[in-house]
Amino acid sequence: MESLSEVPNALFQMKGQRIRANSLRSQANPNSQPITISKSPMSPPEMDAGLWSKLPQELLERILSFLPLKNFMNLRSTCKHFKSLLFSPTFISKHSSSSSFSSFLLLSHPQCYNHFAFYDSALGAWRNFALSLSALLPCAAGQASLLSTSNGLLCFSLPDSFLVFNLLTKTSRVIEFPAYPFTFELFSLVSTPVGYSLFMVSFGSCTKNTFVYDSKVQFWRKFNGFEPILGDNYHQQGVYYKGSLYFVTPEPFSVACFDLESGKWERPNTELPRELMFVRLVSDGGDGKLYLIGGVGRNGISRSMKLWELGEGMNWVEVESLPEMMCRKLMSVCFHNYEHLYCFWHRGFICVCCYTWPEVLYFKVSRRTWHWLPKCPSLPDKWSCGFRWFSFVPELYASV
């Protein structure tokens, strides 16, 4: 794609080619009349530079919103006001930035600290980006661990704080721990168009407390008491669905949810399918659908895996079953250690991942088909565990 500075040169070259072509025609036919190029009386005159400064703000934003996003990102360095439009809700609503970028599956591994493998789900190809956190974020020069992603934001854990980062706009915010020392689990990042929240459960001397950071007020909230006993799968994050984070308790399996606004824990009145050996939840984050992925079997061994959708009346409706050969492969790679399995939603895909396996199993909701994502070609064969997958969808509006 050409930049704004290259467009006039391209038009000039095109105009020169037309003039040379007319000259050749005149030489070939001496009796022909010379062709002159004149401006159309209807062509608009050039606008005086002074008029631009008098344009209403709404009209100027409307004009700039028609620029391709890549060109606007180059243009923002010429004017502070243009750069500030990146954080203007009215401009963002006009520009629809999300359609200008691909969406990625991001692979993180502890043995490759500053490098992330990206799978472009739109192109269906692997793309490698060497992200140096120390260069992009000086405050992350030490050991930083990627915890979660949500709608264009990435959240890292630092020795005494969290770091929320927008890779597209290269903006970040450091959020200090609410207490010292501070240990936490079940960390979840929830990003919406109006802000984001950090959720986690922290161990105290005798009890567990829930902490929620709200970016709109930039303040930590602490909620005492922690009635539900959640599972021991630390790779599975909370699932955001209709204003609450949903979790699954250990056997006998049940669903518990935490309301991010009121800070209350609840147990929805829903009965799970029978003979489940493991349970994972996934939300589409947009259409208001909640899915359940579960292994069905007996005596701790899953013989099949099925997908359900939460329907009317809080009943689970079966959607699809994993084909037998794919199920055998999935169960063999996790060695029936189901705590290694975790799931998440990514642009119409339900991804099933294993902490000890470099491939991803995904279900394409629109076609109701199952597929294996090919292994990243740059991964060393010696890596056997520590594979953390994330959904990364760049968003311009996601402010930190």
Side-chain angles (χ1 to χ4, degrees), residues 104-118 131-134 136-137 139-168 171-192 195-203 208-215 218 220-221 230-240 245-247 258 260 280-283 285 339-346 351 353-355 385-395 398-400:
F104 302 92
L105 288 174
L106 185 153
L107 174 59
S108 173
H109 195 277
Q111 294 184 6
C112 199
Y113 167 59
N114 271 345
H115 181 84
F116 299 94
F118 287 78
L131 299 180
S132 176
L133 295 180
S134 57
L136 291 173
L137 302 166
C139 59
Q143 184 69 21
S145 175
L146 181 59
L147 296 177
S148 180
T149 63
S150 178
N151 292 334
L153 295 181
L154 298 90
C155 187
F156 297 87
S157 174
L158 302 179
D160 56 357
S161 60
F162 300 106
L163 177 67
V164 180
F165 180 50
N166 187 326
L167 182 61
L168 184 59
T171 55
S172 62
R173 179 181 297 275
V174 175
I175 302 172
E176 300 292 336
F177 286 165
Y180 298 96
F182 186 70
T183 57
F184 60 91
E185 62 181 25
L186 300 176
F187 181 92
S188 301
L189 167 66
V190 177
S191 176
T192 65
Y196 61 88
S197 298
L198 306 182
F199 169 93
M200 67 212 69
V201 175
S202 178
F203 289 98
K208 292 182 179 180
N209 296 314
T210 303
F211 288 86
V212 177
Y213 177 85
D214 189 345
S215 69
Q218 299 182 15
W220 285 100
R221 293 188 296 166
L230 302 184
D232 55 356
N233 182 2
Y234 304 114
H235 312 303
Q236 182 69 44
Q237 301 181 8
V239 175
Y240 184 69
L245 282 173
Y246 281 71
F247 301 87
F258 178 84
L260 289 173
R280 301 291 182 267
L281 298 176
V282 174
S283 171
E339 67 272 11
H340 292 160
L341 295 178
Y342 58 98
C343 305
F344 58 87
W345 176 269
H346 175 74
C351 301
C353 310
C354 182
Y355 188 70
C385 63
F387 300 100
R388 291 300 314 274
W389 293 89
F390 301 89
S391 172
F392 179 60
V393 183
E395 291 286 356
S399 60
V400 299

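Numbers here are sequence positions counted from 1.
- Aromatic ring pairs are classed by plane angle as parallel below 30°, tilted from 30° to 60° and perpendicular above 60°; the pair F184 and F177 is perpendicular.
- Judged as a ring-ring contact (aromatic ring centres under 6.0 Å, His included), and not counting sequence neighbours, the contacts of Y213 are W220.
- When the salt bridge (Lys or Arg N to Asp or Glu O under 4.0 Å) test is applied to D160, no partner is found at least two apart in sequence or on another chain.
- Under the side-chain contact (heavy atoms from CB on, under 4.5 Å) criterion, S161 pairs with L158, V174, E176, not counting sequence neighbours.
- Put simply, the side chain of V212 does not reach to within 4.5 Å of the side chain of L198, judged on heavy atoms.
- Put simply, CG on L245 and OG on S283 are 10.0 Å apart, with the number rounded to the nearest 0.5 Å.
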Could you go through F116 and F104, starting from their C-alpha distance and side-chain angles, then the distance that decides it, and tell me whether this counts as ring pair (Phe, Tyr, Trp, His ring centres under 6.0 Å)?
CA-CA 11 Å; F116 299 94; F104 302 92; over 10 Å; no
Taking it one step at a time, do C353 and F344 satisfy side-chain contact (heavy atoms from CB on, under 4.5 Å)?
CA-CA 9 Å; C353 310; F344 58 87; 3.5 Å; yes
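- Within the model, atoms CG of L107 and CZ of F118 stand 10.0 Å from one another, a figure rounded to the nearest 0.5 Å.
- No side-chain heavy atom of V239 sits under 4.5 Å from any side-chain heavy atom of W345.
- The backbone N or O of P110 lies less than 3.5 Å from no partner atom in the side chain of R388, so there is not a single donor-acceptor pair.
- Screening residues 146-156 for side chain to side chain donor-acceptor pair (under 3.5 Å), with sequence neighbours left out, gives S148-Q237.
- Considering OG of S399 and CG of L153, their distance stands at 7.5 Å, rounded to 0.5 Å.
- Distance CZ/F162 to CZ/R173: 15.0 Å, rounded to 0.5 Å.
- One distance of note links CG of L147 with CE of M200; it measures 8.5 Å at 0.5 Å rounding.
- Using a distance-only test at 3.5 Å, with no hydrogens or angles considered, a donor-acceptor pair links the side chain of H109 to the main chain of C385.
- The heavy-atom pair separating G238 from S188 by the smallest distance is N-OG, 2.8 Å.
- Evaluation of the ring-ring contact (aromatic ring centres under 6.0 Å, His included) rule for F392 yields no partner, not counting sequence neighbours.
- The ring-ring contact (aromatic ring centres under 6.0 Å, His included) check on F390 picks up nothing, with sequence neighbours excluded.
- Looking at T192, its side chain does come within 3.5 Å of a backbone N or O of G195 through a donor-acceptor pair.
- Once rounded to the nearest 0.5 Å, the distance linking CG of L146 with CZ of F165 reads 11.5 Å.
- Checking side-chain atoms of S215 against main-chain N and O of Y196 turns up a donor-acceptor pair under 3.5 Å.
- For S202 (side chain) and T183 (main-chain N/O), a donor-acceptor pair under 3.5 Å exists by modelled atom type.
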Begin from the C-alpha positions of C155 and F187 and carry the test side-chain contact (heavy atoms from CB on, under 4.5 Å) through to its verdict.
CA-CA 10 Å; C155 187; F187 181 92; 3.5 Å; yes
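- One N or O on the side chain of Y342 and one on the backbone of W389 form a donor-acceptor pair closer than 3.5 Å.
- Taking both residues in full, the closest heavy atoms of R280 and L341 are given as NE-O, 2.8 Å, listed atom of the first, atom of the second, then distance.
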